[in-house]
Protein chains: 2
Amino acid sequence: MEFFFQVKKVEEVLSAIEKFSPLGKENVDLTSAQGRFCAEDLISQEDLPPFSRSTMDGYAVYARDTFGAREGEPVVLRLVGEIPMGVEPTFTLSSGEAAKIATGGMLPEGADAVVMLEYAEEIGELVEIRRPVAPGENVITKGEDIPKGGLILAAHTRITPGHIGLLASAGITSIPVFKRPKVAIISTGDELVPPEAPLEPGKIRDANSFSLCAAVQEAGGTAHIMGIVPDQEEALYSTLEKALMENDVVLISGGSSVGTRDYTLRCISRLPDAELICHGVAVKPGKPTILARTGNKAVFGLPGQVTSALVVFYIMVRPLLLHLQGACGKDLFLPKVRAKALRNIASAQGREDYIRVKLQEDKEGKLWAEPIFGRSGILSPMAQADGLLHIPSESEGIYEGEEAEIFLL
Amino acid sequence: MEFFFQVKKVEEVLSAIEKFSPLGKENVDLTSAQGRFCAEDLISQEDLPPFSRSTMDGYAVYARDTFGAREGEPVVLRLVGEIPMGVEPTFTLSSGEAAKIATGGMLPEGADAVVMLEYAEEIGELVEIRRPVAPGENVITKGEDIPKGGLILAAHTRITPGHIGLLASAGITSIPVFKRPKVAIISTGDELVPPEAPLEPGKIRDANSFSLCAAVQEAGGTAHIMGIVPDQEEALYSTLEKALMENDVVLISGGSSVGTRDYTLRCISRLPDAELICHGVAVKPGKPTILARTGNKAVFGLPGQVTSALVVFYIMVRPLLLHLQGACGKDLFLPKVRAKALRNIASAQGREDYIRVKLQEDKEGKLWAEPIFGRSGILSPMAQADGLLHIPSESEGIYEGEEAEIFLL
């Protein structure tokens, strides 16, 4: 197949993500579900809570009996029992009666409210009630949290501690989630040596494999570092083939030089049924980015400069990894805040810019973003950054004091 | 020892966190350092990069030679060699000379800039340069990223993919980090059964253990679920003792009823050298929260309502877990955004409120927070929430359209 140079907008690349299907399902237990994405709508087979419960220590009553009660003119009810925690009451409450109940206790039939301990006083077999309660007061009614047949968790929802509490309450202990993407990382470059190797003159250590590994982990994927491949088409192709057998996504970084970029593109074009989604993206940094699809697997060609590779990762690779593990909507992206620019920042129309910034809070709690300038070949500005300030493609930059969107790193 | 009822402000509880020391150090490798907190200042033993490198494919030159070059009036230099990737040049560049160089290539001695390929043309052994370059242009100079002896990573910094790239570049493959806190979770209550058990009338399933387990994991701790303890002081005390032997923090949840709260407090008071930090916090939800210290270990008594327990976790337990693993400053807290309230929300002076909200973005990208009302005994509002809106203690509430701070869940 032949490939043309296809420069795309970031939004076009992001919408191409939909061409990939989320990965298969697996079941995890309640203690391993945090942060995963639910693969099916989960319905409660029961009312939650399964019975009406008191939310206070006090007396279960028939609310209507307490109307008009006040300090000095209490309503007097007959104490007919005490409801131990975790036990079904053996009696039914009638008008004129009250039963002692603890927080979490099961309301007896007939009772529809609870009077707090401090507004009641036991006198032998009687209870004086000094305040009225409305029906339902201090009670969580059966099914109030989730009724039987109600939706606990919709497919594609990110599972939080709150959801896990609901699932535990409903007795659902095995949860269907989308699998995590397996991501192979290949670094190319004759100048690269592994970080632990001695450094000969002219060589530098492979930073990209490890930066990208960490970024993949943060994005919920499992990373497989394939090592350093020399600048040769055959060596790259055989590593790429091997990586694709065992992984869902392959990241090839390096290839800043025109020659290596060509190898990468030729290797991708040799893959069966390869579809080139982009070759070049209107974004800075990240212009030389390549994305191709083979079956349901993705191959990214990332810039060789580690800062550029990381920015492309956050803006385009990360959303794909999240889509593959079942995320949708805002869960595809890094959390966003708005902040005012501390300086003018120029940009070019027709291209998006992602500027590394430090964030500061002023006395009123407003956020200000200070750009950290530095070439994309050096890493320390990226390491210092709190976020990436986004300048949309239709803008020529932003002025000092103007508000912009910042993705938090 | 005797304990008084010590109601504290949230900020007092948060400043008491400083009484605990961060946990011990351990070494992790580059592929396991993401999200951990660095335990020592890490200094580079080398200049990064170790030599001046080209950032472009082009020609290494002595910049002064190119001054005045332009289209139609090129400067002509003598081509003295080509520098292969990853190899130290064997020659020195003199004025009047140029050498072909690829992106990432090592500049020969004498060269101080690189002319991009597209502004040069080889003609036999000569190169025509059609644009001037400034000294340092298209070059990353030796030590520009981090000079030898420079700080790569300060102690207590959260390690990001950018830092990991720098560490790999500097050949640092074993990284000292603070240990993750081990957190024991105890649920108390005669009404509780494990999620997988059959549900008899009057019983409910233990949601807190699993919600809190997920929250501990999200906060970087390792969670140990100790199971359900009946409402008896001795049973709780022996479980608490066991939990403290093997863990750094113990969370006791349950005990919404006054009786159980008393047990919890009595158990804590029996611990050797127990210091009560708070018994009651001016916060809603979360008033009955207990925090005590024994040695460098923390015991929290959390409210029994699972929503209240989670809010207290996010506001007070999570910052402690992060402090123990070496975090400081804003890293102790959930990420924050500001949003306008979609409705009036009342509060009481002298107490902080944390309101569960859903966030919506309007057409201008501004955030609006919609409160999700629901009693703290039910979980679904917490499961639906995007964040917790904070009403400070000096406020009586916020009006529709007023801006507030929201911690993102």
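The sequence lines fix the lettering, A, B, ..., with proteins before strands; numbering per chain opens at 1.
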Is there a donor-acceptor pair under 3.5 Å between the side chain of A/Q217 and the backbone N or O of B/T31?
yes
Heavy-atom contact with chain A under 4.5 Å, split by part of B/I152:
neither
Need one label for B/A170: side chain, backbone, both or neither, based on atoms under 4.5 Å from any heavy atom in chain A.
backbone
Taking B/D190 for the side chain and A/M85 for the main chain, is one N or O donor matched with an acceptor at less than 3.5 Å?
no
Can you say whether A/N208 sits under 4.5 Å from chain B via the side chain, the backbone, both, or neither, judging by heavy atoms?
neither
Part of A/A197 within contact of chain B (heavy atom distance under 4.5 Å)
neither
Taking all non-hydrogen atoms of both residues into account, name the closest pair between A/A207 and B/A168 and its distance.
CA-CB, 3.9 Å
Let me confirm one number: the CD-OG1 distance from B/E218 to A/T160, rounded to the nearest 0.5 Å.
10.0 Å
Check this for me: A/K340, atom NZ, are more than 12 non-hydrogen atoms of other residues, nucleotides or ligands nearer than 6.0 Å?
no
So which of B/R338, B/E196, B/M56, B/E200 has the largest heavy-atom pair count under 4.5 angstrom toward chain A?
B/R338
Under 4.5 Å from a heavy atom of chain B, the part of A/L379 involved
both
Give, as side chain, backbone, both or neither, the part of A/F210 having an atom under 4.5 angstrom from any heavy atom of chain B.
both
Under a 4.5 Å cut-off applied to non-hydrogen side-chain atoms, are A/R53 and B/E191 in contact?
yes
Under 4.5 Å heavy-atom distance to chain B, tell me which part of A/E46 shows up: side chain, backbone, both or neither.
side chain
For the interface with chain B, which of A/M382, A/E144, A/R158 has the highest count of heavy-atom pairs at distances below 4.5 Å?
A/E144
Pick one of side chain, backbone, both or neither for B/I225, based on which atoms fall under 4.5 Å of a heavy atom in chain A.
side chain
Quick check for you: among B/I146, B/L166, B/V337, B/D206, which has the greatest number of heavy-atom pairs under 4.5 Å with chain A?
B/L166
Output for pair (B/T141 OG1, A/I378 CD1), nearest 0.5 Å, gives 8.5 Å
Does A/Q360, at its CD atom, have more than 12 non-hydrogen atoms belonging to other residues, nucleotides or ligands within less than 6.0 Å?
yes
Quick one, B/K330 and A/E361 - any side-chain contact, counting heavy atoms below 4.5 Å?
no
Is any side-chain heavy atom of A/P50 closer than 4.5 Å to one of B/I204?
yes
Check ion pair A/K366-B/E403 (N to O, under 4.0 angstrom)
yes
So which heavy atom on B/P195 is nearest to which on A/T173, and how close?
CB-CG2, 3.7 Å
Do A/S169 side-chain atoms and B/R205 backbone N/O form a donor-acceptor pair below 3.5 Å?
no
Can you tell me which portion of A/I159 sits under 4.5 Å from chain B's heavy atoms? Options are side chain, backbone, both or neither.
neither
State whether the side chain of A/S211 and the backbone N or O of B/P161 hold a donor-acceptor pair below 3.5 Å, judged by distance alone.
yes
Portion of A/V311 that has a non-hydrogen atom of chain B nearer than 4.5 angstrom
neither
Among the listed options B/L192, B/T307, B/V306, B/I140, the residue most often paired with chain A at heavy-atom distances under 4.5 Å
B/I140
Is it the backbone or the side chain of A/D29 that comes under 4.5 Å from a heavy atom of chain B, or both, or neither?
neither
Can you tell me which portion of A/L408 sits under 4.5 Å from chain B's heavy atoms? Options are side chain, backbone, both or neither.
side chain
Pick from B/K336, B/Q384, B/K203, B/E405 with the largest number of heavy-atom pairs that fall under 4.5 Å of chain A:
B/K203
